[in-house]
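Step one of this worksheet: look at the structure below.
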Amino acid sequence: MIRLANFISNQDADAVGGGRIDVFEPAVGAAYATIPDSDERDVKRAVDAAKAAFPGWSQTPAAERARYLNAMADGIERRLTEFSESESRDQGKPVGLATTLEIPRSAANLRFFAGAVQHERGEFYRTDDRAINYVLRQPRGVAGCISPWNLPLYLFTWKIAPALATGNTVVAKPSEVTPYTAWMLGEICREAKLPMGVLNIVHGLGSKVGAAIVSHPDVPTISFTGGTSTGAAIASVAAPMFKKVSLELGGKNATIVCDDADLEKAVPLIVRSAFQNQGEICLCGSRIVVHRSIMREFTERFVNEVRSLKVGDPKATDTDIGAIVSRQHLEKIQSYVALAKIEGGKVVCGGGAPHLTAPRCKNGWFHEPTVIVGLSPTCRTATEEIFGPVVTIHGVDDHGEAVQVANCTKYGLACSIWGRDIERLHRMAAKIDAGVVWINTWMLRDLRTPFGGMKQSGVGREGGDEALRFFTEAKNVCVGW
Ligand code: NDP
């Protein structure tokens with residue numbers, strides 16, 4: 001068993017209470033590591049360290065802070081293989097996905113915000129001939145960054161990088177389900193000689209560590225990515241304390257296929273948008289809304305493509321779909337497939353446990369990519385977040401109805417629209433209730449753009465200037481002429 005530790009003041013630390021929590025490898029269904037079962041005492045130590053580091057770090061010139069972030073990115077890139085294999089082992093994702101996309105993106109997050117703070121422009125307003133105003137944007141203190149298990153290091157660094165770049169110090173909690181690469185990041189900080197206490201990482205349960213960060217009076221800024229109900233619990237604690245909160249929450253994203261879509265090109269991408277990372281990406285398109293005139297052709301092509309996906313050992317380089325992150329999550333996915341049948345759905349592809357050839361995976365947690373038709377777009381299966389390799393397909397008679405169906409959930413995170421009539425695509429994009437709309441593409445992310453959700457998918461935006469603003473306090477200085 002590998003023993004992971006908290007990272008406080010650049011030192012490894014066990015939980016004050018001494019307890020440990022098992023960490024599982026989903027592909028084999030067995031524990032391989034343990035993390036400290038931390039509580040509010042560990043969070044207090046981390047916050048004290050971050051508070052002590054804040055005056056020095058916030059006054060460090062931006063170029064110097066950027067140098068540390070770039071050094072951290074260098075460290076991740078130097079150990080790309082080790083990071084990718086660890087992420088794949090911990091989360092169940094195919095190692096190829098971690099190597100080509102997620103770990104490079106983690107380094108890119110650090111580099112992006114290192115660059116952004118050095119190229120930030122200020123604001124200046126002249127009030128006739130009476131005064132000039134300028135805006136100071138100052139770091140807010142200790143930021144609490146809490147992230148989920150689906151894209152562990154990618155989402156962890158997406159929060160930490162802008163917080164540190166703008167001069168805040170950080171207490172961060174990765175998901176207890178996937179803590180490994182966050183632990184490795186502590187080593188990277190030490191190698192990069194990040195000043196003591198600037199970034200502190202506390203492992204453990206959301207109900208103890210996460211809750212203690214959110215309720216700590218000396219953590220005025222909370223950046224959270226995770227489920228909608230957890231987001232609501234955090235908001236209810238943070239609001240009366242007047243904390244600044246960013247909530248990136250769940251989704252149930254629509255993929256709209258118009259009658260003039262180029263199916264040859266679109267279908268492989270729509271399959272990827274549905275099943276990448278076992279469908280465990282908040283941006284996955286899990287409800288496909290298709291113009292009825294092409295429903296039969298689309299469904300045939302889509303199902304054929306899905307059948308060609310290889311479910312297998314995440315270690316294998318030819319695996320498309322790896323393991324489901326936990327037994328509990330696998331059971332949730334299975335329960336939704338059962339519900340779909342009760343709701344009148346027909347499973348046209350997948351639906352159960354795949355046959356795997358790798359002997360080491362015989363007790364692992366896997367689920368076939370699953371396609372369900374015949375359901376009402378308003379039923380539970382089609383509107384609740386499953387967060388796994390399960391999609392539903394729904395026919396519509398016109399493009400107005402497609403937008404209506406896309407908007408008929410409580411979520412509003414992302415949507416992709418596929419077609420050729422570009423004017424119509426723009427009109428539809430404007431009417432979709434989602435923070436991100438892709439036209440003829442999916443998950444193409446420019447880190448300068450605002451990222452976040454509407455309705456119950458969240459509050460606030462991350463990315464680019466939005467993140468720089470979130471982690472700073474704006475102060476107007478007005479100088480009489
Ligand atoms: P959870 O909400 O269960 O957990 C997210 C993080 O919050 C974890 O670190 C968790 O710890 C912690 N946590 C749990 N309870 C509390 C609490 N009371 N106070 C503070 N922290 C707490 O989400 P999942 O990890 O299950 O992630 C999946 C969800 O994340 C999906 O709904 C998905 O859509 C969403 N998501 C949203 C994204 C977006 O950008 N909008 C991106 C990626 C995912 P622990 O692990 O110990 O429970």
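Both counts, for ligands and for their atoms, begin at 1 and track the order of listing. We use all heavy atoms of the structure for the numbers below, so side chains are in, but hydrogens, waters and symmetry mates are not.
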So, is [X] polar-close to ligand 1, with some N/O to N/O distance under 3.5 Å?
X: Glu385; result: yes
X: Val214; result: no
X: Asn150; result: no
X: Thr228; result: no

Among all the protein's non-hydrogen atoms, which is closest to [atom], and how far away is it?
atom: atom 13 (N) of ligand 1; answer: Gly206 CA, 3.4 Å
atom: atom 26 (O) of ligand 1; answer: Trp149 NE1, 2.8 Å
atom: atom 42 (C) of ligand 1; answer: Cys282 SG, 2.7 Å
atom: atom 20 (C) of ligand 1; answer: Gly210 C, 3.1 Å
atom: atom 3 (O) of ligand 1; answer: Thr230 OG1, 3.8 Å
atom: atom 40 (O) of ligand 1; answer: Phe451 CE2, 3.3 Å
atom: atom 45 (P) of ligand 1; answer: Glu176 OE1, 3.0 Å
atom: atom 35 (C) of ligand 1; answer: Gly226 O, 3.2 Å

Under a 3.5 Å threshold, yes or no: a donor from one side chain and an acceptor from the other, between [X] and [Y]?
X: Thr381; Y: Glu343; value: yes
X: Glu384; Y: Tyr336; value: yes
X: Thr392; Y: Arg287; value: no
X: Asp90; Y: Tyr32; value: yes

Salt bridge flag under 4.0 Å for residues [X] and [Y]:
X: Lys93; Y: Glu87; result: no
X: Lys159; Y: Glu462; result: yes
X: Glu473; Y: Arg140; result: yes
X: Arg190; Y: Asp12; result: yes
X: Arg79; Y: Glu187; result: yes
X: Arg20; Y: Asp37; result: no
X: Arg448; Y: Asp446; result: yes

At under 4.0 Å between heavy atoms, is it the side chain or the backbone of [X] that contacts ligand 1, or both, or neither?
X: Ile234; answer: side chain
X: Leu151; answer: neither
X: Leu249; answer: backbone
X: Leu155; answer: side chain
X: Ser175; answer: both
X: Ile146; answer: side chain

Does [X] reach ligand 1, in the sense of a heavy atom lying below 4.0 Å from it?
X: Gly231; value: no
X: Ala211; value: yes
X: Ser147; value: yes

Under 4.0 Å to a heavy atom of [X] - the qualifying atoms of ligand 1, by number:
X: Gly227; answer: 1 (P), 2 (O), 23 (O), 29 (C), 30 (O), 32 (O)
X: Leu413; answer: 41 (N)
X: Glu248; answer: 37 (C), 39 (C), 40 (O), 41 (N)
X: Lys173; answer: 9 (O), 10 (C), 11 (O), 12 (C), 45 (P), 47 (O)
X: Leu205; answer: 47 (O)
X: Gly204; answer: 47 (O)

Evaluate the ring planes of [X] and [Y], with Trp represented by its six-membered ring, and classify them as parallel (under 30°), tilted (30 to 60°) or perpendicular (over 60°).
X: Phe451; Y: Trp158; value: perpendicular
X: Tyr68; Y: Trp57; value: tilted
X: His329; Y: Phe387; value: perpendicular

Problem - Side chains of Lys315 and Val95 in contact at under 4.5 Å (non-hydrogen atoms) - result: no

Exercise for the section: Evaluate the side-chain proximity of Phe302 to Val391: yes if any heavy-atom separation is below 4.5 Å, no if none is. Expected result: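 In short, these two side chains touch, coming nearer than 4.5 Å.
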
Problem - Protein contact for atom 1 (P) of ligand 1 (heavy atom, distance under 4.0 Å) - result: yes

